[in-house]
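Being a predicted model, the structure only gives us computed values, none of them experimental.
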Amino acid sequence: MALFEFGPFVLDAAERRLTRHGARVPVTGKTLDVLRLLAEAEGRLVDRQTFNTHLWPEVIVEDRNLTVHISVLRKVLGGGTIETVARNGYRLAMPVRAVKGQESPEATRVLREARYQLGQAERVPALRALGLFERALALDPHDANALAGLASTYLLLSSTTIRRPLPVDEAVQLATDAARRALATDPRQGEAYAVLGRLKMTYDADWAGAEADLAMAVALAPASVETRVGNSFFLSAVGRHREALAELERARAIDPTRRETHERLGLAWWMAGDGERALAALGEAVSVDPEARRPHFRRMVVLDQLGRHAEAAAERAIWLRLFGDHTEAERLADVARRAGPCAAIVEWIARLAKLNQWFEAAIQAMAIGEREQALAALERCVEERGDNAPFIAEFPPFRRLAGEPRFDRLLSEVGLLSPPPATSP
């Protein structure tokens, strides 16, 4: 696959990287794919149908989706670099030179694509990543990097955030096995230690073991986004917020185009008590990938907790439209107009419950003062081993539940509160 040079920019389509005077430019995801199609046309018109066929082959999208990506590219490349051809499409309005690049080995190409799909941290890309890592291991069964990536993929597939594509026990066992195989192949595989650490904190309530594994992960792979972000999970969950923020800042410096890092940074700021910085970091996540749904969801919950319900409703509507549910977006907007924002949140909580999103339902229940409903949702989250459960002590909405016997029992179940000593008969 060729390199494309235009002005001070070089697009390496194989490496999925854009640079300006040699420095990486934070363009990723579908936005980078739009730029690739424009560069491949070498100044010729690329019509909207071509974009839709290549970027959204299985869904019908609004014209606005493409417009958002073009807008991001214009900000990056500069004014006048992309020409709009009225009612037809777009073209690059600068000379483009294609330079033949050296072809990478198949295993390298497969691993690169697997990492890209895993980095999306979404349900369908995670399933794609699973197939790609398995393909890479068919080419080289002893590739420790591929084994660690496979372990990270199974860990993600255990997550309720992406509606848990695999049963939790199966996903946890597969993630554990893959991580151990990676370490048997390469005892210095930092990402594998990060997976084991996150499994221990999330599903075993083994906080000491998690801390040890995650510290080892960072020591072995300090330049890895996976190890830094993994360690931040532990630090946030146990209330070491400054350290968590520092880890995430390091991760962002390693790869500023990784959307999930910006999202985690937003949540870390929220847990640290700074809602405005949380919203700013989540806004950066939207800028990195305007089509991603989760940053809008997370901005919504922060805004609701801050009492900014109109802004939260706007983010909720964006999330629903990106999910393809325009009807529900309009229905909730109508409920809010007729009965107020709290009534819309009640309806929204019912939808979250149907999706088994108990942690998120609890957050929204706290936004409207429904403590009993929040506690019931958190009990379901812990009972079903939701991967958000380890954060219940530090998420701001739940701090108001401290001292509630039901809440304290939940903290004990996830290993964050020692149970009281048994009384003598």
Legend entry - Spacing of F398 atom CZ and L410 atom CG [to the nearest 0.5 Å]: 10.0 Å

Legend entry - Residues R316, D304: salt bridge by 4.0 Å N-O rule: yes

Inset, instruction - Step through the shown structure and confirm whether more than 12 heavy atoms of other residues, nucleotides or ligands are within 6.0 Å of CZ on R242. - result: no

Inset, instruction - Indicate the atoms forming the closest heavy-atom contact of S159 with P165, along with that distance. - result: O-CD, 4.5 Å

Legend entry - Gap between atom CD of E394 and atom CZ of R399 - 0.5 Å precision: 5.0 Å

Inset, instruction - Would you name the heavy atoms of A251 and R228 that are closest together and state the gap between them? - result: CB-CB, 3.9 Å

Inset, instruction - Answer yes or no for R16 and Y116: cation-pi contact, defined as NZ/CZ to six-membered ring centre under 6.0 Å and angle to ring axis within 45°. - result: yes

Inset, instruction - Could you tell me whether R277 and D274 have a side-chain N and a carboxylate O separated by less than 4.0 Å? - result: yes

Inset, instruction - Write down the atom of V27, the atom of T31, and the distance for their closest heavy-atom approach. - result: CG1-CG2, 3.7 Å

Legend entry - Any F133 side-chain heavy atom under 4.5 Å of L111 side chain: yes

Inset, instruction - Salt-bridge test for D289 and K30: reply yes if a basic N is under 4.0 Å from a carboxylate O, no otherwise. - result: no

Inset, instruction - Kindly determine whether R264 and R259 satisfy side chain to side chain contact (heavy atoms under 4.5 Å, CB included), including the steps that lead there. - result: CA-CA 9 Å; R264 296 307 314 179; R259 169 178 54 82; over 6 Å; no

Inset, instruction - Please report the closest heavy-atom contact between A192 and A148, naming both atoms and the distance. - result: N-CB, 4.1 Å

Legend entry - side chain to side chain contact (heavy atoms under 4.5 Å, CB included) assessment of L416 paired with W207: CA-CA 9 Å; L416 292 169; W207 293 94; 3.6 Å; yes

Legend entry - Ion pair D334/R337, N-O distance below 4.0 Å: yes

Legend entry - F323 six-ring face occupied by R293 cation (under 6.0 Å, within 45°): no

Inset, instruction - Show the numbers, then the answer: is there a side chain to side chain donor-acceptor pair (under 3.5 Å) between E191 and S152? - result: CA-CA 8 Å; E191 182 182 357; S152 290; 2.5 Å; yes

Inset, instruction - Write down the atom of G266, the atom of A278, and the distance for their closest heavy-atom approach. - result: O-CB, 3.1 Å

Inset, instruction - To the nearest 0.5 Å, tell me how far R74 CZ sits from I70 CD1. - result: 6.5 Å

Legend entry - D140 side chain vs H142 backbone, donor-acceptor pair below 3.5 Å: yes

Legend entry - Residues E247, R240: salt bridge by 4.0 Å N-O rule: no

Inset, instruction - Answer yes or no: is there an ion pair linking R252 with E249, defined by an N-O contact shorter than 4.0 Å? - result: yes

Inset, instruction - Starting from the C-alpha separation in whole Å, work towards a yes-or-no answer on side chain to side chain donor-acceptor pair (under 3.5 Å) for Q189 and T185. - result: CA-CA 9 Å; Q189 225 303 325; T185 303; over 6 Å; no

Legend entry - Interatomic distance, L73 atom CG to L38 atom CG [nearest 0.5 angstrom]: 7.0 Å

Inset, instruction - Calculate, to the nearest 0.5 Å, the distance between atoms CG and CG belonging to D325 and L320 respectively. - result: 5.5 Å

Legend entry - More than 12 heavy atoms of other groups within 6.0 Å of R24 CZ: yes

Inset, instruction - Check whether the ring centres of F359 and F391 lie less than 6.0 Å apart, and answer yes or no. - result: no

Inset, instruction - Could you grab the distance from atom CG of L156 to atom CD of Q120, nearest 0.5 Å is fine? - result: 11.0 Å

Inset, instruction - Please indicate whether R180 has more than 12 foreign heavy atoms, meaning atoms of other residues, nucleotides or ligands, lying under 6.0 Å from its CZ. - result: no

Legend entry - Pair R351 + E347: basic N to acidic O under 4.0 Å: no

Legend entry - Pair E226 + R258: basic N to acidic O under 4.0 Å: yes

Legend entry - Under-4.0 Å salt bridge between E404 and R409: no

Legend entry - SB check K354 E328 (cutoff 4.0 Å): no

Legend entry - Salt bridge present between R109 and E113 (N-O < 4.0 angstrom): no

